Student: 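I'd like to ask some things about the structure below.
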Amino acid sequence: MNTISQNLKNAKEKLPQDVVLVAVSKTKPDEDIMEAYSAGQRVFGENKVQEMTDKAQRLPSDIDWHMIGHLQRNKVKYIAPFVSLIHAVDSLKLLKEINKEAKKNERNIACLLQVKIAEEESKFGMEIEEVTKLLNSNEFRAMKNISVKGFMGMATFTNNEQQIRNEFRFLKNQFGLFSQKFPSLKVLSMGMSGDYEIAIQEGSNMLRIGSAIFGERNAP
Ligand SMILES: *Cc1c(COP(=O)(O)O)cnc(C)c1O
């Protein structure tokens with residue numbers, strides 16, 4: 001068996017049934033994606049609009065493309081026709097733009113709100129107060145072409161497992177509280193190659209795994 005499908009199999013064996021695995025294929029060539037595809041993988045994550053759009057045009061149409069990276073408003077239009085889930089929505093403005101482009105395409109686009117859980121300043125995401133404000137706003141309620149399905153979070157890049165665990169636990173708790181009031185919140189996207197085992201223990205139900213499946217990337 002080749003490496004990618006073996007890695008995929010190894011990762012999947014560790015996952016509970018109800019956890020969705022997003023294979024993060026950014027920077028990787030079509031052949032690598034097709035290797036995972038042949039092993040049964042259908043959900044792929046990319047972080048660049050141009051790269052995802054190009055790959056979606058070339059590769060099988062039954063792939064679910066997830067945009068996992070920071071998304072600029074002026075680029076939403078390129079992915080609106082086909083994207084299956086947008087993970088990193090971090091403002092009402094962006095959500096409005098997605099709604100607008102989804103409407104043009106006569107679609108409803110599923111989104112996750114990225115919540116800032118890491119200490120690092122560099123990480124994107126909304127503070128909990130902002131999430132509360134957004135979900136309770138009239139503007140949000142008026143949008144008919146998007147569905148906010150849950151939250152996404154990235155833990156601090158650190159060897160301190162307890163810190164990672166605490167950050168994931170915080171998000172899981174918030175997710176639990178919010179989903180009581182907003183029952184459409186079902187997805188909790190947290191966990192990458194380095195921390196997905198902790199993420200599962202802390203209640204993640206969607207993992208975004210790149211290097212543990214496809215090998216190390218040259219470019220970030
Ligand atoms: C690249 C990336 C991942 C996957 O990272 P790995 O460490 O390779 O598993 C997950 N989430 C986001 C947002 C990413 O940009």
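Just so you know, ligand 1 is whichever comes first in the structure, and atom 1 is the first atom listed for that ligand. Please read these numbers as outputs of a predicted model, since none were measured by experiment.
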Student: Do other residues, nucleotides or ligands put more than 12 heavy atoms under 6.0 Å from the CD atom of Gln163?
Tutor: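 Above 12, so yes.
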Student: Could you list the atoms of ligand 1 found under 4.0 angstrom from a heavy atom of Ile209?
Tutor: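 Counting from 1, the qualifying ligand atoms are 9 (O).
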Student: Starting from atom 5 (O) of ligand 1, find the nearest protein heavy-atom neighbour and note its residue, name and distance.
Tutor: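 I find the closest protein heavy atom is Met192 CE, 3.5 Å.
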Student: For ligand 1, which part of His87 has a heavy atom less than 4.0 Å away: the side chain, the backbone, both, or neither?
Tutor: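 The answer is neither; His87 stays 4.0 Å or more away.
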Student: What do the steps show when you test Lys133 against Glu130 for salt bridge (charged side-chain N to carboxylate O under 4.0 Å, His left out), and what is the final call?
Tutor: CA-CA 5 Å; Lys133 213 172 130 193; Glu130 248 182 299; over 6 Å; no
Student: Please report which non-hydrogen protein atom sits nearest to atom 2 (C) of ligand 1, along with the residue it belongs to and the distance in Å to one decimal place.
Tutor: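 Sorting protein heavy atoms by distance from atom 2 (C) of ligand 1 puts Lys26 NZ, 2.6 Å first.
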Student: Identify the closest protein heavy atom to atom 4 (C) of ligand 1: which residue and atom is it, and at what distance?
Tutor: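 Nearest neighbour among protein heavy atoms for atom 4 (C) of ligand 1, to 0.1 Å: Arg208 O, 3.6 Å.
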Student: If you apply the rule salt bridge (charged side-chain N to carboxylate O under 4.0 Å, His left out), what do you find for Glu51 with Lys26, and how did you get there?
Tutor: CA-CA 8 Å; Glu51 186 178 348; Lys26 63 188 184 194; over 6 Å; no
Student: Does a side chain donor of either Asn166 or Arg169 reach within less than 3.5 Å of an acceptor in the other side chain?
Tutor: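 Note: Asn166 and Arg169 side chains miss the donor-acceptor criterion.
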Student: Judging by distance only, is a nitrogen or oxygen of Ser211 under 3.5 angstrom from one on ligand 1?
Tutor: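 Between Ser211 and ligand 1, an N or O pair is found under 3.5 Å apart.
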Student: Does Met206 belong to the same Ile/Leu/Val/Met/Phe/Trp/Tyr cluster as Ile109, with side-chain heavy atoms less than 4.5 Å apart forming each link?
Tutor: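 They do not share one cluster, since no chain of ILVMFWY contacts under 4.5 Å joins Met206 to Ile109.
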Student: Could you tell me if Gln201 and Glu197 have a donor-acceptor pair between their side chains, going purely by distance under 3.5 Å?
Tutor: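 Looking only at side-chain atoms, Gln201 and Glu197 do not form any donor-acceptor pair under 3.5 Å.
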Student: N/O to N/O below 3.5 Å, does that happen between Gly210 and ligand 1?
Tutor: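 For ligand 1, there is an N or O atom that lies under 3.5 Å from one belonging to Gly210.
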Student: Among all protein heavy atoms, pick out the one at the shortest distance from atom 13 (C) of ligand 1; state its residue, atom name and that distance to 0.1 Å.
Tutor: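 So the nearest neighbour among protein heavy atoms is Ile68 O, 3.5 Å.
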Student: Look at atom 9 (O) of ligand 1 and say which protein heavy atom is nearest, naming residue and atom and giving the distance to 0.1 Å.
Tutor: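 Atom 9 (O) of ligand 1 sits closest to the protein heavy atom Ser193 OG, 2.5 Å.
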Student: Please step through side-chain contact (heavy atoms from CB on, under 4.5 Å) for the pair Val20 and Asn205, ending with a clear verdict.
Tutor: CA-CA 6 Å; Val20 175; Asn205 60 23; over 6 Å; no
